[in-house]
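Fair warning: this is a prediction, and the values are worked out from it, not measured in the lab.
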Amino acid sequence: MSKITRPLRSVLYIPGSKDRALDKARGLPADAIIFDLEDAVIPEEKAAARETLAQALKDGGYGSRFKVVRINGLDTEWGADDARAAVSMDCDAILLPKVGSPDDLDALAAITGDMPLWAMMETPGAMLNAAAIGAHPKLQCMVMGTNDLNKDLQTRVRPDRLPLLTGLGLCVLAAKANGIAIIDGVYNAFKDDEGHRVECDQGRDMGFDGKTLIHPAQLDVANEAFSPSEAEADLARRQIAAFDEMQATGQGVAVVDGRIVENLHVATARETLAKLDAIAALQAE
């Protein structure tokens, strides 16, 4: 079970310096928002962006959306000030870019105390150290930075993401082994719904909890891809019913659609229905 018990199907990046974008995000169907003080803010606006974002979060209106502040790296002139400012903001976690080892999270935690941390996983070193990073006691979620990883690996960008699969897989394993959430990287062609859907489905099949997004137009595809389908929900209900009946009678084995249903299948079925309930609760707000 992840340390985050609520859905994280869609995780939208929003510039921390743009009042209009910050306001628009209040009405978007994103499960989580990453308020970005790093890539989305030019150097001349870094200091002002902290104040703009702090005020927007203080004003509220984001409902139950999970609120994450991405700071600049601690190796930059803005990172430490970002971290100190973020601790006082009305947010749920702080996201550190280019985490390479647990030492990077230790350095941030020395500033942020008990605040939950998220880690950008976007370098070859991070891939090799994923297990150690994932075990950090303050870490709640890994976020894949696939654009930077493509750059550092000097790969060709392919629809099947073959050059990235080793790194993606290592991070998924690390996240699952340590009970933390993991969010897939962005899909850059925000007008290409079909390509985005293919990549979301791949990420879901690999075990990612959701996808980071660069544009509101991508929200519906991500939310659908990382939600249990009607067929999955129906199968889950029938598996639970068959297993319960078998236990009640004490005879034979539970079988659904010609396949044996064991404890592990029922556990997965219950998780599927619990996720549907959590999604319904979000949509009811």
What I'd like to find out is whether the side chain of [X] reaches to under 4.5 Å of the side chain of [Y], using heavy atoms alone.
X	Y	answer
L153	P124	yes
H136	D106	yes
E199	P159	no
V68	C91	no
L57	V69	yes
K138	D114	yes
E194	V198	yes
D184	R161	yes

[X] with [Y], same ILVMFWY side-chain cluster at under 4.5 Å:
X	Y	value
M120	L8	yes
L168	I180	yes
V221	L282	no
L273	F243	yes
I183	L173	no

Backbone N/O of [Y] and side chain of [X]: donor-acceptor pair under 3.5 Å:
X	Y	answer
D36	G16	no
T76	N72	no
D234	E230	no
Q154	N150	no
K275	F226	yes
T112	M115	no
R6	S64	yes
N223	P29	yes
D23	D19	no
K46	L37	yes

With sequence neighbours excluded, give me every salt bridge (Lys or Arg N to Asp or Glu O under 4.0 Å) pair touching residues 141-153.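 Sorted result for residues 141-153: K98-D148.
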Please lay out, stage by stage, how D244 and R270 fare under the test salt bridge (Lys or Arg N to Asp or Glu O under 4.0 Å). CA-CA 12 Å; D244 287 347; R270 294 192 190 283; 3.7 Å; yes
Is a salt bridge present between D192 and R197, judged by a nitrogen-to-oxygen distance below 4.0 Å?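 No, D192 and R197 are not salt-bridged.
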Basic-acidic side-chain contact under 4.0 Å: K58, D90: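 Not counted as a salt bridge, because no side-chain N and carboxylate O are separated by less than 4.0 Å.
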How far does [atom1] of [X] sit from [atom2] of [Y], to the nearest 0.5 angstrom?
X	Y	atom1	atom2	answer
D82	L95	CG	CG	11.5 Å
I71	F35	CD1	CZ	15.5 Å
T268	I240	OG1	CD1	10.0 Å
M142	C171	CE	SG	5.5 Å
L96	E38	CG	CD	9.0 Å
I34	L213	CD1	CG	9.0 Å

Would E262 and I260 satisfy side-chain contact (heavy atoms from CB on, under 4.5 Å), going step by step from the backbone distance to the final call? CA-CA 6 Å; E262 299 179 337; I260 292 176; 3.9 Å; yes
Once ring pair (Phe, Tyr, Trp, His ring centres under 6.0 Å) is applied, what residue pairs with a partner in residues 173-219 remain, sequence neighbours excluded?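 Listed once each, the pairs are Y187-H196, F190-H215.
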With no hydrogens and no angle check, do the side chains of N129 and S101 hold a donor and an acceptor under 3.5 Å apart?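 Result is no, nothing qualifies.
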Where [X] and [Y] come nearest, the two heavy atoms and their spacing:
X	Y	answer
A40	S17	O-OG, 4.3 Å
L22	A56	CD1-CB, 3.9 Å
M206	V172	O-CG1, 3.5 Å
T212	Y13	CB-CE1, 3.6 Å
G134	L139	CA-CD2, 3.9 Å
P216	L28	CG-CD1, 3.8 Å

Between T166 and M127, does a side-chain contact (heavy atoms from CB on, under 4.5 Å) hold up when you go through it step by step? CA-CA 8 Å; T166 297; M127 304 303 102; over 6 Å; no
May I ask you to check whether over 12 heavy atoms, not counting those of [X], lie within 6.0 Å of atom [atom1]?
X	atom1	answer
E224	CD	no
R259	CZ	no
E51	CD	no
K24	NZ	no
R204	CZ	no

Please test R70 against D39 for side-chain contact (heavy atoms from CB on, under 4.5 Å), starting from the C-alpha separation and ending with a verdict. CA-CA 9 Å; R70 181 164 75 168; D39 288 344; 3.6 Å; yes
Please list, chain by chain and in numerical order, all residues satisfying side-chain hydrogen bond (donor to acceptor under 3.5 Å, both in side chains) with D31, sequence neighbours excluded.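 Result, side-chain hydrogen bond (donor to acceptor under 3.5 Å, both in side chains) vs D31: R9.
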Dump the intermediate steps for side-chain contact (heavy atoms from CB on, under 4.5 Å) on D257 and L235, then the final yes or no. CA-CA 9 Å; D257 296 341; L235 176 60; 3.9 Å; yes
